[in-house]
Enquirer: 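For reference, the structure I am asking about is given below.
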There are 2 protein chains.
Amino acid sequence: MLNSLEMDIYKKIKQAIIQQKLRPNMQLIEKDLAESFGVSRTPVRNVLRRLEYEKLVKIKEHKGTFVSCSTIEEAKEVFEMRRILEGEAVRRACRLHNEEQLKELETLVEEERHIYGSLDFYESLKVSGDFHLKIAEIAGNSYFYQYLEDLISLTYVIIAIYGRGKMETCGSHDHLQIFNAIKQRDGDLAERLSLIHLSEIESNLHFNEELQISSSLSDIFL
Amino acid sequence: MLNSLEMDIYKKIKQAIIQQKLRPNMQLIEKDLAESFGVSRTPVRNVLRRLEYEKLVKIKEHKGTFVSCSTIEEAKEVFEMRRILEGEAVRRACRLHNEEQLKELETLVEEERHIYGSLDFYESLKVSGDFHLKIAEIAGNSYFYQYLEDLISLTYVIIAIYGRGKMETCGSHDHLQIFNAIKQRDGDLAERLSLIHLSEIESNLHFNEELQISSSLSDIFL
DNA sequence: GAATGCATTATTGTATACAATACTGGGTAA
DNA sequence: TTACCCAGTATTGTATACAATAATGCATTC
C-alpha cells in the first residue's frame, strides 16, 4: 500500500481532517504540506490521491485539493451503506466470534465507558469507531473492514459538518447492548440494535441545507 | 479521480489484465510501461497505485509491481462480498427501478443473449458484468456501484486463475430470470436467484491448490 | 569445487526542474 | 465608469535527475 514515509504523512493528514484541524473545503496546498513534512511534493501527492479515493479530500484538476465537504445526499448514502454492511457484519460476528475476540471487544466497550466525557472529543470518537471496526474484523471477510474503515472515517467528517457538538458520539450504552447481543450470539437482536444505533447517530445530525459549509461566497449570496 | 492521460493508461492496463494479456504474477516494469505509452514514469506510477488499491496488482517495495494472483481465500471473500452486496442491491433495484432503467437492463440482457458464443470470450464477460453493474446502479446508493465495480473486475482475474475456459461466464439465461424478477418487483425471488447465480459461477471454479499459479519455483518445490 | 563477498545492474523511491493551467489584478479603451 | 484584455502569479501536472534498495553475477578464497 503506502510505504512508511507516506503512511506517516497519510495518518497525520487524515487525523487532522478527522479532528477538524483541517476543516471541510479547506485547500491543501502540496508545496505547503511538503514543506511542513520536510519532504518533496511527490509523497504528498501520493497521499492526497489516496485520501481522494477514500473521499476525504476532493482533487480538482489544476485547481487544488480540498478537504471534502459531503453533501447531505452523500452523507445519507454513507449511513445507509454503513447500516447494510454493519448489519450484516454484526450478524456474522455473532456466529463467528471466539473467546479472544469477544474479550477484545469487551475491552473496547470498557475503555469507551471509562474515557466517556473525560478525554477529548476526538479521542472518544476514535475509540467508538474502533468498536465498530472490531466487529467488522470479527465478521471474517476483510472487505467489511476495508469498506467500513473508510465509511467510518467519512462519518467523522460528516459529523464535523452536520453535527452540533454534543451528543453525536456513540453512546457507550448502545455499544454495551450490542456487545451483549453478540456475546449471546443473538444475531437478530444484534443487527436490530446496530441499525437503531446508526440511525440515531444520523438523526442527531442537522441536515438543514443552510448549515452546509459553503465553499465560496457566491454559494452563500447567490 | 484520474485525469484523462492517466485514465487512458488505467483503462488499457486494466483491460489487459482482465483479458489476461497480462497474466497473474507478471511483473509490470514502470519504465517499460511508460515507454510503451509514450509518457514518463510519473503517470504510470499513479495508475499502478490506483490498480493496487483495487487489488488488481500488488506493489512490493523496491521490487516491483505484479499482476495480482488472488489466493483461494481471497477469491472466496470476493464472491462472498458480492453475494452480500448484490443480494441487497437487487432487492433495492426491485423497489426503486423506473421504466427507463428497466429498459436499459433489458437491453443488456438482449445484448448478452445476442453475442453469446459468437463474440470473443472477454467481450461477453464485459457485457455480463455490465448487467450486474446496472443493477448496482439502479439500487440507488453509489457505494454499490463503486464496490461492485472493483469486485467484478477482480472476479475476472479470479476466473483467469481458477477458471477452466468454458462455462465461467454468466449464463444469459440466469440474467433473464433475474431481470424478470426485478421487472415483477419480486425482491425475494430476485435476491435468491442472484445468490444462486453467483454461487454457481463460484462453484465452476477449480479451487484445487495445485492449480494456483506459482510466483516462484520455490513455491512449487518447497 | 563450493561458498562467500563485492561490484555491477536493474528497479523502484524521492526530489527537483519544467510545462500547463487557472486565477488575479491592473491598465486601457470605449 | 465599466468592461475587457493581457501580463504576472500561484498551483498543479509531467518529465527528468538522483538516491536507495534489492537482485545478479563474477571473482576470490578456502
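Quick note on labels: first sequence line is chain A, next is B, and so on, each numbered from 1.
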Enquirer: Take the protein atom CZ of B:Arg41 and the nucleotide atom P of C:dT11, then report the distance between them rounded to whole Å.
Expert: 11 Å
Enquirer: Indicate yes or no: does A:Arg83 engage A:Glu202 in a salt bridge with an N to O separation below 4.0 Å.
Expert: yes
Enquirer: Looking only at side-chain atoms of A:His62, point me to the closest of D:dA15, C:dG13, C:dA20.
Expert: C:dA20
Enquirer: Please report, rounded to the nearest Å, how far the C1' atom of D:dT14 is from the CD atom of A:Glu61.
Expert: 12 Å
Enquirer: I want to check one thing: is the phosphate of D:dT12, taken as OP1 and OP2, less than 4.0 Å away from some side-chain N or O of B:Asn3?
Expert: no
Enquirer: Taking the minimum atom-to-atom distance to the side chain of B:Ser40, which one of C:dT14, D:dA22, D:dA15 wins?
Expert: D:dA15
Enquirer: With DNA chain D as reference, determine whether A:Thr42 or A:Lys63 sits nearer its 5' end, using the nearest nucleotide of each.
Expert: A:Lys63
Enquirer: Rounded to whole Å, please give me the gap between CD1 in A:Ile29 and C1' in D:dT9.
Expert: 13 Å
Enquirer: A:Tyr162 vs A:Phe207 aromatic rings, parallel, tilted or perpendicular, using cut-offs 30° and 60°?
Expert: perpendicular
Enquirer: Mind calculating the distance between CE (B:Met7) and C1' (D:dG13) to the nearest angstrom?
Expert: 16 Å
Enquirer: In whole angstrom, what separates A:Ile59's CD1 from D:dG13's C1'?
Expert: 12 Å
Enquirer: Is B:Lys103 salt-bridged to B:Glu99, cutoff N-O under 4.0 Å?
Expert: no
Enquirer: Check every strand shown and say whether B:Leu28 touches a base, only sugar-phosphate, or nothing at a heavy-atom separation below 4.0 Å.
Expert: sugar-phosphate
Enquirer: Going by atom types only, do B:Glu30 and B:Thr65 share a side-chain donor-acceptor pair under 3.5 Å?
Expert: no
Enquirer: Quickly work out the B:Asn46 CG to D:dG13 C1' distance and round it to whole Å.
Expert: 10 Å
Enquirer: Taking NZ from B:Lys31 and P from D:dA15, how many angstroms apart are they, rounded to a whole number?
Expert: 16 Å
Enquirer: Take atom CG of A:Leu5 and atom C1' of D:dA19, then tell me their distance rounded to the nearest Å.
Expert: 14 Å
